[in-house]
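Read the numbers this way: they start at 1 and go in the same order the structure lists the ligands and their atoms.
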Amino acid sequence: MSRDISVVPVKLNLANVTDEEAARVGLQPVRDWRAFGLQGYPGFLVISNPFLSGSQSFWVRQCLKTYPQKPNICNLDMHMSPSDTQDIWGKSLQSLSHPPSGRKEPKTLLEKLRWVTLGYHYNWETKTYSANHHTAFPADLHLLSLKISAACGFPGFQAEAGILNYYRSDSSLGIHVDESELDHSRPLLSLSFGQSAIFLLGGTQRQDPPVAMYMHSGDVMVMSGHSRLLYHAVPRIVPPPGGQSMLDKEGCSLSPSLHNNTVVEQVSEPDWTVCSRYIQSSRVNVTVRQVLGPGQCFPDSPSLSKRTNVEETDSYHDTPDREDMKRKRSGSTHSDSEQT
Ligand code: OGA
Ligand code: MN
């Protein structure tokens, strides 16, 4: 932690989530979670890897193999046809299933993946969600989000929108506030997998000096209350402590406390080979948001004539060297120095 800001333990709500409910989504009993807050940042919370051993591999497999599939939307859809982005995983397998040859190989679609949106699909151009741009939110990730937020004192959280960020070792995410959701009284959840990140938490003004911290694989960050609308950024992806992430250390064999009645499935060896190769150099960040308050509707559901043209939004993510974009809500505009 930079500057002198105290890290304080945070008490979670043990009564809201049973051990069985936690295990169903691959989480340890809530009493075993280590949750920390920062003095002066009420509502900001980091839970240091609450996952059961082996279960991170399932969530990573979902992020790499399942969530990029239609009807979800990804950056590659901005300049490729749906048939070409239909099977990103399948089309990348060949080259990711064997160790790197040492020669320069063309990038696979999986390596070109930068973001996926779920539920209410975030429109990067208008920075809004809308009623007519929605597909079903994945039930497994909804349940995971429900349990995490309940343990943090927010029962009944509705996971309505997800933005998944795929970072290569030279990716960054510019300073931004996540304010497009209509109800800011609900928390924003952020899950980290794979390589570590340096996370900067700022203040309510862009120029407020930030505090820096690491996000490691398995860590869960919650921004709520006073901290829900603070500026933040990810300037750098860094190797995990000791060179190996928890995800990597644990692999895909599930903890014995995970048996029946769970949404967390055993990841097959061939799938794990691809996932583990991918996360050797990459980080996956899952952010989950409730967009609407209970009973709330979009104020002015965009009419068909106002419908946004997703084809025009690719430059936010794909254009290299857009220093300018890094500074806007690049939030969404997670930049790369590398040509994709
Ligand atoms: C975001 C975000 C942070 C991270 O997607 O809005 O801030 O840790 N992600 O990658
Ligand atoms: Mn954010």
Side-chain angles (χ1 to χ4, degrees), residues 36 38 41 43-49 56 59-60 63 67 72-75 113-124 127-129 141 145 148 159-181 184 186-204 206 208 210-225 227-238 240 245 247 279 281-291 313 316-317 325-336:
F36 306 96
L38 294 181
Y41 295 79
F44 179 82
L45 180 72
V46 177
I47 307 160
S48 177
N49 185 17
Q56 282 189 51
W59 293 109
V60 168
C63 292
Y67 303 148
N72 304 330
I73 298 176
C74 71
N75 63 302
L113 192 62
R114 291 292 169 271
W115 54 262
V116 166
T117 56
L118 312 171
Y120 286 115
H121 298 281
Y122 187 68
N123 183 312
W124 303 100
K127 301 179 166 55
T128 59
Y129 303 98
L141 186 55
S145 308
I148 293 173
E160 293 173 329
I163 300 180
L164 278 52
N165 298 299
Y166 300 81
Y167 295 85
R168 310 296 296 178
S169 52
D170 57 357
S171 305
S172 62
L173 180 64
I175 182 169
H176 67 277
V177 176
D178 293 285
E179 58 189 354
S180 303
E181 298 73 27
H184 298 143
R186 307 268 80 199
L188 186 148
L189 310 183
S190 168
L191 318 174
S192 293
F193 299 110
Q195 297 293 295
S196 299
I198 295 178
F199 182 83
L200 298 182
L201 180 67
T204 54
R206 178 181 282 269
D208 292 341
V211 278
M213 63 200 90
Y214 288 111
M215 293 292 160
H216 299 302
S217 192
D219 288 351
V220 174
M221 185 196 80
V222 181
M223 294 176 88
S224 68
S227 297
R228 175 65 181 75
L229 295 175
L230 296 183
Y231 277 93
H232 56 282
V234 177
R236 211 149 149 57
I237 300 304
V238 289
S245 69
L247 172 57
I279 54 109
S281 56
S282 305
R283 169 175 183 258
V284 181
N285 169 243
V286 179
T287 59
V288 184
R289 302 119 192 273
Q290 177 166 342
V291 176
T313 62
Y316 272 56
H317 286 261
M325 296 313 297
K326 289 189 188 177
R327 306 183 61 82
K328 298 191 180 147
R329 148 117 200 174
S330 25
S332 340
T333 73
H334 148 215
S335 5
D336 267 308

Chemist: Report, in ascending order of atom number, the atoms of ligand 1 lying under 4.0 Å from any heavy atom of Leu173.
Modeler: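 What qualifies from ligand 1 is 1 (C), 2 (C), 3 (C), 7 (O), 9 (N).
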Chemist: Before we go on, tell me: are the rings of Tyr129 and Tyr122 under 6.0 Å apart, centre to centre?
Modeler: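 That pair passes the under 6.0 Å test.
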Chemist: Between Ile237 and Gln195, what is the shortest heavy-atom contact and its length?
Modeler: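 Residues Ile237 and Gln195, closest heavy atoms: CG2-CB, 3.7 Å.
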Chemist: Can you name the closest pair of heavy atoms from Ser245 and Pro240 and give their distance?
Modeler: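 That closest heavy-atom pairing would be N-CG, 3.3 Å.
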Chemist: The Mn ion (ligand 2) is nearest to which N, O or S atom of His232?
Modeler: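 Per the distance ranking, His232 contributes NE2 as its closest N/O/S atom to the Mn ion (ligand 2).
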Chemist: Counting each atom of ligand 1 from 1 as listed, which ones have a heavy atom of Asp178 under 4.0 Å away?
Modeler: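 Heavy-atom distances to Asp178 below 4.0 Å select 6 (O).
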Chemist: From the N, O or S atoms in His176, identify the one nearest to the Mn ion (ligand 2).
Modeler: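 Closest N, O or S atom of His176 to the Mn ion (ligand 2): NE2.
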Chemist: Could you name the option among Met221, Arg283, Arg289 that has the heavy atom nearest to atom 1 (C) of ligand 1?
Modeler: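 Looking at heavy atoms only, the winner is Arg289.
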Chemist: Which of the numbered atoms in ligand 1 are under 4.0 angstrom from any heavy atom belonging to Asn165?
Modeler: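 The atoms of ligand 1 under 4.0 Å from a heavy atom of Asn165 are 1 (C), 5 (O), 9 (N).
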Chemist: Between Met215 and Val46, which heavy-atom pair has the shortest distance, and what is it?
Modeler: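 That would be CE-CG2, 4.0 Å.
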Chemist: So, of the N/O/S atoms that Asp178 has, which is the nearest one to the Mn ion (ligand 2)?
Modeler: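 For Asp178, the N, O or S atom at the smallest distance from the Mn ion (ligand 2) is OD2.
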Chemist: Taking Lys127's backbone N and O only, do any of them form a donor-acceptor pair with Ser180's side chain (distance below 3.5 Å, no angle check)?
Modeler: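 Yes, Ser180 side chain to Lys127 backbone: donor-acceptor pair under 3.5 Å.
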Chemist: Show me the donor-acceptor pairs, under 3.5 Å and distance only, between side chains in residues 186-193 and residues at least two apart or in other chains.
Modeler:
from	atom 1	to	atom 2	distance (Å)
Ser190	OG	Asn285	ND2	2.9
Ser192	OG	Arg283	NH2	2.8

Chemist: Is the shortest distance from a heavy atom of Ile163 to ligand 1 less than 4.0 Å?
Modeler: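 The answer is no: ligand 1 sits nowhere under 4.0 Å from a heavy atom of Ile163.
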Chemist: For the pair Ser217 (side chain) and Gly194 (backbone), establish whether a donor and an acceptor sit closer than 3.5 Å, ignoring hydrogens and angles.
Modeler: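 Side chain of Ser217 to backbone of Gly194: a pair is present.
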Chemist: Is Met223 near ligand 1, meaning one of its heavy atoms is under 4.0 Å from it?
Modeler: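 So Met223 does not count as touching ligand 1.
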Chemist: Distance-only, no hydrogens or angles: does the Ser145 side chain make a donor-acceptor pair with backbone N or O of Leu141 under 3.5 Å?
Modeler: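 Present.
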Chemist: Give yes if a backbone or side-chain nitrogen or oxygen of His232 is under 3.5 Å from a nitrogen or oxygen of ligand 1, and no if not.
Modeler: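 Yes, His232 has an N/O under 3.5 Å of an N/O on ligand 1.
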Chemist: Any idea which atoms of ligand 1 are less than 4.0 Å away from a heavy-atom of Val234?
Modeler: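 Counting atoms of ligand 1 from 1, those under 4.0 Å from Val234 are 3 (C), 4 (C), 8 (O), 10 (O).
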Chemist: If you take the nearest heavy atom of each of Asp219, Asn285, Val288, Ile175, which one is closest to atom 9 (N) of ligand 1?
Modeler: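 Shortest heavy-atom distance from atom 9 (N) of ligand 1: Asn285.
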